[in-house]
Q: 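To start, I am sharing the structure in question, which I have written as structure tokens.
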Amino acid sequence: MKKITLMIFGLIQTFAFSQTQDLTTLAAGDHVGMNALFDDKDNLYGYVSLYSYGKSGDKTKKFEYVILDKNLNPVANKEFEGDITAASYLGYVDFKGQIILKPSMMDYSLVKSKEIFTPVSMVIDPKTNSITRKIYYDYLENGTFKEINEPKSWKEQRKENRDEKKEKGYNYVSAVGELKEGGYFAVEYKDYGKYENSNSLMRFDDNKKEIWRYKYNTDGSKKLYTTLSVLERDENYMYCILKKVNDKQKTFNLMVLDMKTGKETSNKPITGLSDDTIDNIESFYSNYRKLDNDKTFDDKIVLLGRNYDDSESVGFARMILNKSDFSVDMKAINYEPNISAFLPKVNKYGMVESGYMLQTKDMYFMNDGSVGILSEKYKPAGQYNAPKTTDLVYIYTDKDFKVKNVQVFEKEKSKWVNSDYLFSQYLNGGKDVVFFYRDYQKDEVTRQKRWNLFINTIIDGKFKQEIIPISEKDNYAVTPYVGKEGYILLREYNEKEKFNKIRLEKLNY
């Protein structure tokens, strides 16, 4: 979930004017996807729309990209040869200002099962409107780099792994990435199947010469091992959680490495909450989807995870890493008694009325360390029942991670959909937030259902909601999406009539 910064002073219930673009006329190929592009500060850069022309060679497929600016004006396009196993791509802007097209779906239909391989990303240079295959590097066990030009088939990879395991007793695993500060970063370890050891973090210069190496878990085994998770890094430091396991005993430390030397700058214990809570603080999954659960500020890093008691999720945990002294603050709020004081129907495990549960949809991190948590009442599918969703629930916390209030947004019951929640945006330099959801509601006069767009702002801790009716012709689907500052993008789609238009609708304020 990307969040962009905009200023909202007051929304009203009408759109002022719109800017439109017909996606079907931008290129002759079949439209296979479009997504927003954001810069390195999460501000909206534009959009990329992708088109497929089908198979063009034994291992290639012809595509075309069209880059749109924030006003939906096409500013660049080019045809290119992608891998035959790529069905579509998602675009993002990297730290160099290049647009990376990362394969988002696999196409298994044009190759034999034994020939399937993972498609590679493509790199667009906006300055020259040129596109090339992304260059990947493999770090080898002998300490050299190898450029990967063509991906191997999954069958070949499995055979190589089996042969290596048979010969050495382990598989050597490594990964290489580029650094914004220049040069490369790599990780390596030996995988024995049920455990791993000989782990290293390494930094290299632009010429791939090793600058430093940090070793850990040298003699790791099934019951005695160490793991290291990188939370964040900047030009000066790398912030990591170091976990040591001795049978069933776990200890956790915040370890800070100097990015220039690879030496430990700080190594402090992380305590205060359960092992399961700390062990899972770096990631947050909801309904099998990974949520963006952290935000980096100039002075701190804030993470939100689940709080566990006896392996059961009973609430939420917040971790703040202070960059000035490398201290860690861990706090938790539970469904009972913290949230139930404002939402009496919730029980210890986040269950509410009639078999519904609170399913986390998004979270918002403010400059003062406070966190907003948005959940939706969700009832899983049963043997004879469809999955259902109803109200949205917003949990306000303060800078000390105490519950200030809980706001319930009542909406109609929806079946067979995972969520009516759409997306969010930060406001006013990150201290406020707006989020969007849609709801099908009955007209009190005609008794017919129509869907409305709900725009919810939380500014200075105060909630305001605006409702905008969305007209939708028969057999036409309208999907809201993120737009530029003060706008929302609506996509109107009908596959049979090959109708696929997007428009920016202005929100007056």
Side-chain angles (χ1 to χ4, degrees), residues 1 3-8 41-42 231-232 234 237 239 241 252 254 256 266 268-274 277-278 280-284 291-308 313-343 346 350 358 360-375 392-409 424-435 456-464:
M1 162 61 66
K3 302 176 177 72
I4 65 176
T5 303
L6 60 144
M7 300 290 289
I8 290 187
K41 295 183 179 179
D42 283 353
L231 300 177
E232 182 63 278
D234 53 38
Y237 301 109
Y239 308 91
I241 292 180
F252 302 88
L254 175 70
V256 182
S266 178
K268 297 180 179 181
I270 303 174
T271 58
L273 296 176
S274 70
T277 299
I278 301 172
N280 293 281
I281 194 71
E282 65 185 281
S283 60
F284 197 113
L291 303 184
D292 184 3
N293 74 318
D294 66 273
K295 188 172 177 64
T296 299
F297 299 90
D298 291 339
D299 60 339
K300 59 183 172 288
I301 301 168
V302 186
L303 298 96
L304 184 78
R306 299 187 188 277
N307 190 35
Y308 291 93
S313 174
V314 295
F316 302 94
R318 186 197 68 178
M319 173 178 170
I320 292 185
L321 190 167
N322 192 316
K323 290 184 178 182
S324 62
D325 59 5
F326 310 128
S327 61
V328 174
D329 178 70
M330 298 287 295
K331 286 186 169 63
I333 55 173
N334 290 334
Y335 293 116
E336 288 183 346
N338 309 111
I339 297 172
S340 62
F342 301 88
L343 191 69
V346 69
L358 292 183
T360 306
K361 308 307 298 183
D362 208 347
M363 53 198 70
Y364 317 107
F365 300 90
M366 307 306 174
N367 292 332
D368 64 354
S370 61
V371 182
I373 305 166
L374 183 68
S375 299
L392 287 165
V393 177
Y394 187 88
I395 302 166
Y396 299 76
T397 70
D398 62 15
K399 62 183 178 62
D400 297 315
F401 203 55
K402 294 179 180 178
V403 180
K404 291 172 57 179
N405 195 12
V406 175
Q407 179 80 38
V408 178
F409 307 102
S424 66
Q425 297 168 302
Y426 281 121
L427 311 176
N428 305 327
K431 68 183 185 72
D432 303 308
V433 72
V434 59
F435 63 89
N456 311 278
T457 56
I458 300 166
I459 299 176
D460 294 328
K462 296 179 181 179
F463 165 74
K464 182 180 179 182

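Predicted, not measured: the structure shown is a model, and the values here were computed from it.
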Q: Please report the interatomic distance CG(L304) to CG(D292), rounded to the nearest 0.5 Å.
A: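 Result: 11.0 Å between the selected atoms.
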Q: Indicate yes or no: at least one non-hydrogen side-chain atom of L343 is less than 4.5 angstrom from one of L358.
A: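 Side chain of L343 against side chain of L358, heavy atoms only: contact under 4.5 Å found.
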Q: F342 vs Y396, test: side chain to side chain contact (heavy atoms under 4.5 Å, CB included). Steps then yes/no.
A: CA-CA 10 Å; F342 301 88; Y396 299 76; over 6 Å; no
Q: Between Q407 and I458, does the side chain to side chain contact (heavy atoms under 4.5 Å, CB included) criterion hold? Intermediate values first, please.
A: CA-CA 11 Å; Q407 179 80 38; I458 300 166; over 6 Å; no
Q: Determine the minimum heavy-atom distance between D368 and S370, stating which atoms define it.
A: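 Distance-wise, the nearest heavy atoms are OD1-OG, 2.6 Å.
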Q: Are any of the side-chain heavy atoms of T360 and F316 separated by less than 4.5 Å?
A: yes
Q: What's the verdict on side chain to side chain contact (heavy atoms under 4.5 Å, CB included) for F252 and V328, showing C-alpha distance, side-chain angles and the deciding distance?
A: CA-CA 11 Å; F252 302 88; V328 174; over 6 Å; no
Q: Quick check: closest heavy atoms across M366 and F297, and the distance to 0.1 Å?
A: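 Shortest heavy-atom separation between M366 and F297 comes out as O-CZ, 3.4 Å.
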Q: Donor-acceptor pair, distance only, cut-off 3.5 Å: does the side chain of D432 make one with the backbone of D460?
A: yes
Q: Rounded at 0.5 Å granularity, tell me how far CG in L231 sits from CG in L321.
A: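 Reported value, rounded in 0.5 Å steps: 7.0 Å.
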Q: With distance as the sole test, does N293 use its side chain to make a donor-acceptor pair with the main-chain N or O of I281 at under 3.5 Å?
A: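 Yes.
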Q: With heavy-atom distances below 4.5 Å as the criterion, would you say the side chains of D234 and Y239 are in contact?
A: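 Yes. Closest side-chain heavy atoms under 4.5 Å.
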Q: Do D398 side-chain atoms and D400 backbone N/O form a donor-acceptor pair below 3.5 Å?
A: yes
Q: Taking side chain to side chain donor-acceptor pair (under 3.5 Å) as the cut-off, I'd like each qualifying pair that reaches into residues 324-342, sequence neighbours left out, listed once.
A: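 The answer is N307-N334, R318-D329, N322-S324, D325-S327, D329-K331.
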Q: Can you tell me how far CD1 of I373 sits from CG of L291, rounded to the nearest 0.5 angstrom?
A: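 Here the interatomic distance stands at 11.0 Å.
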Q: Under 6.0 Å between the ring centres of F326 and Y237?
A: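 Centroid separation for F326 and Y237: below 6.0 Å.
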Q: Under 3.5 Å, is there a donor-acceptor pair between the side chain of N456 and the main chain of F435?
A: yes
Q: Over all heavy atoms of both residues, which pair between D362 and S424 is shortest? Give the atoms and the distance, please.
A: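 In this case the closest contact between D362 and S424 is OD2-OG, 3.1 Å.
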Q: Can you tell me if K399 has over 12 outside heavy atoms packed within less than 6.0 Å of its NZ?
A: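 Atom NZ in K399 is not packed in, count stays at 12 or less.
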Q: Would you give the length of the straight line joining atom CE of M330 to atom CG of L254, rounded to the nearest 0.5 angstrom?
A: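 Going from the CE atom of M330 to the CG atom of L254 covers 11.0 Å.
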Q: Test: side chain to side chain donor-acceptor pair (under 3.5 Å). Region: residues 294-306. Which pairs qualify, not counting sequence neighbours?
A: E232-T296
Q: So, taking the atom named OH in Y364 and the one named OG1 in T397, what distance separates them when rounded to the nearest 0.5 Å?
A: 13.0 Å
Q: About how many Å separate CD1 of I241 and CD of E282, when rounded to the nearest 0.5 Å?
A: 6.0 Å
